[in-house]
A.B. asks: 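To start, I am sharing the structure in question, which I have written as structure tokens.
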There are 2 protein chains.
Amino acid sequence: MNNPEKVSKENSSPTTESPARSYRIADLAKAYDITPRTIRFYEDQGMLAPLRKGRQRIFHERDHVRLRLILRGKRLGFSLAEVREIIDLYDVDAGGEKQLVHLLSKIDQRRISLEQQMKDIQDTLNDLKGVEKRVRKALKELREK
Amino acid sequence: MNNPEKVSKENSSPTTESPARSYRIADLAKAYDITPRTIRFYEDQGMLAPLRKGRQRIFHERDHVRLRLILRGKRLGFSLAEVREIIDLYDVDAGGEKQLVHLLSKIDQRRISLEQQMKDIQDTLNDLKGVEKRVRKALKELREK
DNA sequence: GTGGCAGTTGACGTAAACGTCATCAGTCGC
DNA sequence: GCGACTGATGACGTTTACGTCAACTGCCAC
């Protein structure tokens, strides 16, 4: 019985550029430096939906994509609920006209909030620049004496 | 007894451009749309240090500044611990040479993390742009039929 | 067939950032 | 002098985002 549904081992070989590679939970965990617990938690929250082989989860490329979106959202300081909202924005398919219009306004809100964040970052970077200047000056004076 | 230490009322008059205006907790709360509880909590965490008149807190301009820094940090998704770290960066005065050098590296770390966030935002904005395009296209097709 | 893993589920624990009382103190207008 | 506010101070509750067991399962090597 030559089973075509490989899950690990040979599949993790770097030479196999097979279509639809699959990954175990530990693979994802290592790849993104999070714990399996976290991944399961995200699934619980409906943010990931890996396939199953029996009870075991099998992940594919789309799970990677999702996970990267989630982690990016987290780096931006969004709650998981917000991250989910953002990810949901990507599912354009779900639409009658009313839905689509509503989606547009959601997108706009998100954009506005992101632009505010950009501004906050710029301001903070500017502040830091000023602080650094003062620090360097203090250092210089301290060394000259 | 004409008490010069006004705390509220006349002091909140828009005409008095007195030096060192003072504010009550509710003033701050309203100004930044947070609750008094939150302000007290921040004080508990050593992030604010208002003066006291008896038991009552009296806030001044520097508390405003602090609070704005805190809230900006929060908008950027930092934990209060991180916010405190950032704010502490601003206190250049506390330095022997070693401290100052260490401060510089802290500043640099912070800058790197902020730049990563910038990139994340750019990427997300780009994604949203793509999504919007698809939504508009879907809308158009839906209306033409 | 028996360790030894990797993984699963379920339950409980925890840190952060406040919210929500309950109780008490100070002050102001009348 | 007395409500009506505004504020202070605990103390406990709540939500989020996982961590940490404990008990079980499937599979693989020997």
Side-chain angles (χ1 to χ4, degrees), chain A residues 1 3 5-12 22-59 63 66-67 69-87, chain B residues 1-3 5-12 22-59 63 67 69-87:
Chain A
M1 243 226 244
N3 187 353
E5 305 165 55
K6 320 178 181 176
V7 174
S8 52
K9 291 296 161 64
E10 295 100 318
N11 211 1
S12 1
S22 66
Y23 309 82
R24 294 164 303 165
I25 194 167
D27 299 333
L28 278 219
K30 194 174 290 182
Y32 298 103
D33 195 31
I34 56 182
T35 68
R37 175 70 179 88
T38 299
I39 295 175
R40 292 190 200 104
F41 180 71
Y42 291 161
E43 183 184 355
D44 245 50
Q45 306 299 302
M47 314 185 68
L48 291 175
L51 297 177
R52 297 280 182 145
K53 177 186 162 194
R55 319 170 24 121
Q56 281 194 225
R57 285 163 248 260
I58 309 180
F59 299 86
D63 299 306
R66 281 259 173 168
L67 197 42
L69 281 178
I70 295 172
L71 297 178
R72 190 176 72 185
K74 293 213 66 194
R75 283 200 303 277
L76 292 178
F78 296 129
S79 72
L80 290 188
E82 287 174 305
V83 170
R84 165 135 29 128
E85 260 205 70
I86 295 175
I87 291 181
Chain B
M1 243 226 246
N2 194 341
N3 187 356
E5 306 167 52
K6 320 176 182 177
V7 173
S8 52
K9 290 300 161 61
E10 297 101 313
N11 213 358
S12 6
S22 65
Y23 309 83
R24 293 164 304 164
I25 195 167
D27 299 332
L28 279 217
K30 194 175 289 184
Y32 297 102
D33 195 31
I34 55 183
T35 67
R37 175 70 178 89
T38 299
I39 295 174
R40 292 191 199 104
F41 179 71
Y42 290 161
E43 183 184 356
D44 245 49
Q45 305 300 302
M47 315 185 67
L48 291 174
L51 298 178
R52 298 279 182 146
K53 176 186 164 192
R55 329 188 350 138
Q56 281 194 224
R57 286 166 246 263
I58 309 179
F59 300 86
D63 299 307
L67 198 42
L69 281 177
I70 296 172
L71 297 178
R72 191 176 72 184
K74 293 215 66 193
R75 284 199 303 277
L76 292 178
F78 294 127
S79 71
L80 290 187
E82 288 175 304
V83 170
R84 165 138 27 130
E85 258 205 70
I86 295 175
I87 292 181

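Here is the naming used below: chain letters follow the sequence lines, and residue numbers restart at 1 for every chain.
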A.B. asks: Find the distance A:D44:CG to D:dA17:C1' and express it as a whole number of Å.
C.D. replies: 12 Å
A.B. asks: When you check the phosphate oxygens OP1 and OP2 of D:dT9, does a side-chain N or O of B:R55 lie under 4.0 Å from one of them?
C.D. replies: no
A.B. asks: Whole angstrom is fine here: how far is it from NZ in A:K53 over to C1' in C:dT8?
C.D. replies: 15 Å
A.B. asks: The side chain of B:Y42 is closest to which nucleotide in this list: C:dT9, C:dC18, D:dT9?
C.D. replies: C:dC18
A.B. asks: Measure CD/B:E85 against P/C:dA16 and give the value in whole Å, please.
C.D. replies: 14 Å
A.B. asks: Can you find a side chain N or O atom of A:R40 that sits less than 4.0 Å from OP1 or OP2 on C:dT8?
C.D. replies: yes
A.B. asks: Say you draw a straight line from CG of A:L80 to CG of A:D44; how long is it, rounded to the nearest 0.5 Å?
C.D. replies: 11.5 Å
A.B. asks: Tell me, do B:T38 and B:Y32 make a side-chain contact under 4.5 Å, heavy atoms counted?
C.D. replies: no
A.B. asks: Nearest to the side chain of B:R52 - C:dG7, D:dC18, D:dT9?
C.D. replies: D:dT9
A.B. asks: Would you say a side-chain N or O of A:K74 is under 4.0 Å from OP1 or OP2 of D:dC18?
C.D. replies: yes
A.B. asks: Taking the side chain from A:R24 and the backbone from A:D27, do they hold a donor-acceptor pair closer than 3.5 Å?
C.D. replies: no
A.B. asks: For a quick test of reading the model: is some side-chain N or O of B:R24 closer than 4.0 Å to OP1 or OP2 of D:dC5?
C.D. replies: no
A.B. asks: Roughly how many Å is it from CZ in A:F41 to P in C:dT8, rounded to a whole number?
C.D. replies: 17 Å
A.B. asks: Given D:dA17, is OP1 or OP2 found less than 4.0 Å from the side-chain N or O atoms of A:T38?
C.D. replies: no
A.B. asks: Any side-chain heavy-atom pair from A:I70 and A:I87 closer than 4.5 angstrom?
C.D. replies: yes
A.B. asks: Whole angstroms only, please: what is the CD-P distance between B:E43 and C:dC18?
C.D. replies: 15 Å
A.B. asks: Just compare D:dG7, C:dC18, D:dG19 and give me whichever is closest to any side-chain atom of A:T35.
C.D. replies: D:dG19
A.B. asks: In whole angstrom, what separates A:I39's CD1 from C:dT8's C1'?
C.D. replies: 14 Å
A.B. asks: What is the distance, rounded to the nearest whole Å, between atom CG of A:L28 and atom P of C:dA6?
C.D. replies: 16 Å
A.B. asks: Measure from the side-chain N and O atoms of B:R84 to the backbone N and O of B:Q45, and report whether any donor-acceptor pair falls under 3.5 Å.
C.D. replies: yes
A.B. asks: In whole angstroms, how far is the P atom of C:dG26 from the CD1 atom of B:I25?
C.D. replies: 17 Å
A.B. asks: According to a strict under-4.0 Å criterion, is A:R37 in side-chain N/O contact with OP1 or OP2 of C:dG13?
C.D. replies: no
A.B. asks: Does a nitrogen or oxygen in the side chain of B:R57 sit under 4.0 Å from OP1 or OP2 of D:dA8?
C.D. replies: yes
